[in-house]
Amino acid sequence: MQVFTSMIVLGLCFIAFVFYHINDYKLRNADSMLSLAQVIGTNSISAIQFEDNDEANKILSDLQKGAPQVTNAAILDKKNNVFATYTKPGADVFQFSSHTLEGKNFEYAPRHLLVFNSIIDNKDTVGTVCLRANLNELATIEKTQYRMAVVILIIGISLAFLIAYIVQMYISRRILNMVNIMKRAGETGDYKTHVIDDGNDEISILSGVFNDLMEQVTESQRRKDEFIGIASHELKTPLTSIKAFVQVLDAIEDRQPNKQYVQKILYNVNKLQQLIYDLLDVSNIQSGQLYLNKKEFDFDTFINATIASYQVISLHHKIIREGDLVNQVISADLQRIEQVLINLLSNAIKYSPDAKTVIVYVTKTDSEIIVQVKDFGIGIAKEEQLRVFDRFYRTKGSSELISGFGLGLYICRNIIKRHNGKIWVESHGKGADFYFSLPLST
Ligand code: ADP
């Protein structure tokens with residue numbers, strides 16, 4: 001836009017400049033030819049009075065030397081009859097007698113200037129001097145001017161391009177920086193980052209507004225986390241008590257349908273309790289209080305025991321461990337790693353309602369142990385694979401069909417991160433493979 005405007009402004013300036021310059025040349029040319037006609041007129045007064053054509057012709061012939069641009073000249077008498085003429089050698093003959101200038105004393109014909117000047121003697125007009133000059137020089141001047149205009153126009157436009165490019169880069173860099181920070185905040189949910197912009201223009205105002213907004217979001221997130229922490233804490237104690245009494249009821253009640261009702265209550269109390277534990281974990285993660293209680297344990301025993309205990313409650317899916325034993329003792333928080341594995345197993349079962357198996361592979365490298373939980377369920381679209389580890393994120397495909405809160409994988413990611421390990425998912429069409437790795441030396 002800036003370049004386009006510069007081009008128009010430069011173009012207009014040059015048209016005005018060239019036009020002014022050529023016009024100025026024409027006026028100056030006309031002035032000097034009029035002065036010349038005046039001198040010729042004054043010199044020819046006596047020749048006209050004595051009707052001395054030879055003398056008049058001689059005066060005109062001096063033009064060849066004194067004014068080579070004059071191609072034709074004539075002196076007319078009072079009655080506009082030709083009294084003397086001159087034609088530059090090599091030039092075409094020109095008839096002045098038919099020309100009248102209606103009030104003007106010069107006129108531009110294409111490539112020629114015509115000048116008519118009255119010869120005055122004692123206030124009487126005794127004749128007219130007519131001159132015709134070629135304007136070849138004007139053509140050269142025009143050509144040079146136009147060439148110069150084009151060259152300067154090209155230089156000007158190139159400069160305008162360069163300046164616009166530099167300005168654009170400066171502005172774009174700052175806007176892109178802001179866009180990247182916004183994108184990152186949207187992807188990671190971390191609104192604490194600020195845009196640093198030391199400019200003093202509209203973009204820095206925008207950055208300031210954006211930073212204020214980020215602060216407001218961070219503050220409202222902090223309040224929400226605080227509320228979740230307090231609420232889950234307050235709910236935990238009465239729920240534990242309810243669960244204990246329901247368990248007692250379950251143990252002593254044998255009559256139907258009472259027994260069935262009690263078991264339904266127990267099932268839902270367990271679900272509620274799991275949610276509260278998840279919320280408490282989230283609250284601890286947020287406040288940086290996810291503490292680990294590390295101890296050494298045999299990894300094969302841990303995997304086999306966890307699979308066996310989970311198999312008891314999984315009636316429709318068979319959980320199979322494939323691959324060799326790893327024979328490795330590791331140092332980690334057993335309960336937290338068990339929480340991760342159970343979460344992955346429960347998801348694998350939950351999100352593969354039509355499948356019958358879930359497979360667990362454990363492999364070992366020189367530096368880490370990798371656990372893979374493979375299912376044959378609904379899978380996860382490529383663009384959602386990173387986001388499933390975000391807090392409260394649920395995939396589009398799952399959220400309407402299967403209940404959940406989107407907290408499990410977020411907690412898993414943080415537990416594994418605290419162990420300096422990695423967690424990730426691969427899914428191509430049907431089924432999903434969740435992996436987590438734990439370093440051998442912690
Ligand atoms: P929840 O299962 O309670 O919703 P999670 O944090 O465990 O929460 O999982 C987050 C989301 O990731 C789930 O809502 C689901 O959309 C997706 N997901 C997790 N595991 C699987 C899986 N094995 N197959 C397909 N989608 C899964």
Side-chain angles (χ1 to χ4, degrees), residues 186-190 224-225 228 232 235 267-286 290 303 306-307 310-311 313-322 335-362 370-418 421-437:
E187 279 164 13
T188 59
D190 176 12
K224 188 183 73 190
D225 291 340
I228 290 175
S232 37
L235 287 170
Y267 172 78
N268 284 300
V269 166
N270 278 335
K271 270 184 86 174
L272 205 56
Q273 200 177 32
Q274 186 52 52
L275 172 62
I276 287 170
Y277 285 148
D278 280 354
L279 288 173
L280 277 171
D281 279 346
V282 169
S283 169
N284 287 336
I285 290 167
Q286 292 300 303
L290 185 78
I303 292 283
T306 312
I307 291 177
Y310 205 75
Q311 184 65 76
I313 53 167
S314 166
L315 304 175
H316 301 291
H317 291 73
K318 181 128 191 67
I319 307 169
I320 304 165
R321 175 172 177 183
E322 286 189 355
Q335 274 179 345
R336 288 296 187 185
I337 300 300
E338 186 184 35
Q339 185 182 349
V340 172
L341 183 56
I342 286 179
N343 216 307
L344 297 186
L345 287 174
S346 91
N347 278 351
I349 289 167
K350 193 160 74 164
Y351 296 106
S352 65
D354 299 329
K356 294 214 158 27
T357 43
V358 169
I359 296 171
V360 179
Y361 290 97
V362 184
I370 301 168
V371 179
Q372 176 186 2
V373 177
K374 183 179 191 61
D375 69 56
F376 303 91
I378 59 171
I380 301 172
K382 185 113 196 90
E383 64 278 8
E384 292 188 290
Q385 288 178 11
L386 271 182
R387 303 210 62 192
V388 291
F389 297 99
D390 289 350
R391 203 159 44 135
F392 299 117
Y393 188 82
R394 309 207 65 224
T395 59
K396 290 184 197 99
S398 73
S399 44
E400 301 105 40
L401 306 169
I402 301 158
S403 70
F405 290 98
L407 293 176
L409 289 179
Y410 171 75
I411 296 167
C412 291
R413 184 181 70 178
N414 280 282
I415 293 173
I416 297 298
K417 207 162 121 191
R418 290 281 285 114
K422 278 184 258 153
I423 186 165
W424 69 99
V425 61
E426 289 173 8
S427 178
H428 315 279
K430 204 163 167 57
D433 294 78
F434 275 86
Y435 297 82
F436 70 87
S437 69

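One-based numbering, in listed order, for ligands and for the atoms of each. In what follows, residues are counted from 1 in the order of the sequence shown.
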State the atoms of ligand 1, each with its element, that fall below the 4.0 Å cut-off from a heavy-atom position in [X].
X	value
Leu407	6 (O), 8 (O)
Asn343	7 (O)
Gly379	25 (C)
Lys350	1 (P), 2 (O), 3 (O)

(request) Could you pull out, from Asp390, Leu409, Val388, the option with a heavy atom nearest to atom 5 (P) of ligand 1? (result)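 Going through Asp390, Leu409, Val388 one by one, Leu409 has the nearest heavy atom to atom 5 (P) of ligand 1.
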(message) Tell me the nearest of Asp375, Asp433, Val425, Ile411 to atom 23 (N) of ligand 1, using heavy-atom distances.
(response)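 Among Asp375, Asp433, Val425, Ile411, the closest heavy atom to atom 23 (N) of ligand 1 comes from Asp375.
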Quick one: look up the protein heavy atom nearest [atom] and list residue, atom name and how far away it is.
atom	value
atom 11 (C) of ligand 1	Tyr393 O, 3.6 Å
atom 3 (O) of ligand 1	Phe405 N, 3.0 Å
atom 21 (C) of ligand 1	Tyr351 CD1, 3.4 Å
atom 26 (N) of ligand 1	Ile380 CG1, 3.4 Å
atom 4 (O) of ligand 1	Arg394 NE, 2.6 Å
atom 7 (O) of ligand 1	Asn347 ND2, 2.8 Å

(message) Counting only heavy atoms closer than 4.0 Å, does ligand 1 sit against the backbone of Phe434, its side chain, both, or neither?
(response)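 Contact part for Phe434 vs ligand 1: side chain (C-beta onward).
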(request) Would you kindly specify which portion of Leu344 sits under 4.0 Å from ligand 1, judged on non-hydrogen atoms: side chain, backbone, both or neither? (result)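 No part of Leu344 is near ligand 1 at this cut-off.
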Sub-4.0 Å heavy-atom contact, [X] with ligand 1:
X	answer
Glu384	no
Gly377	no
Phe389	no

(message) Holding to side-chain hydrogen bond (donor to acceptor under 3.5 Å, both in side chains), I want the full list of residues that pass it with Glu384, two or more places apart in sequence or in another chain.
(response) Tyr393
(request) Assign the ring pair Phe389 / Phe434 to parallel, tilted or perpendicular, where the plane angle (0 to 90°) is split at 30° and 60°. (result) perpendicular
Pairs of donor and acceptor atoms involving the side chains of residues 353-362, under 3.5 Å and at least two apart or interchain, shall be tabulated with distances.
{"residue": "Tyr361", "atom": "OH", "partner": "Glu322", "partner atom": "OE1", "Å": "2.8"}

(message) Is the shortest side-chain heavy-atom distance between Arg336 and Leu290 below 4.5 Å?
(response) yes
(message) Just so I know, are the side chains of Ile349 and His316 near enough to count as touching, which here means a heavy-atom distance under 4.5 Å?
(response) no
(message) A quick test of your reading: do over 12 heavy atoms of other residues, nucleotides or ligands sit less than 6.0 Å from NZ of Lys271?
(response) no
(message) Are there over 12 heavy-atom neighbours, none belonging to Lys350, within less than 6.0 Å of that residue's NZ?
(response)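 Result for NZ/Lys350: enclosed.
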(request) Please determine, by modelled atom types, if Asn270 and Gln274 share a side-chain donor-acceptor pair under 3.5 angstrom. (result)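 On atom types as modelled, these side chains do not qualify, holding no pair under 3.5 Å.
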(message) With nothing but distance in play, are any N or O atoms of Ile378 less than 3.5 Å from an N or O of ligand 1?
(response) no
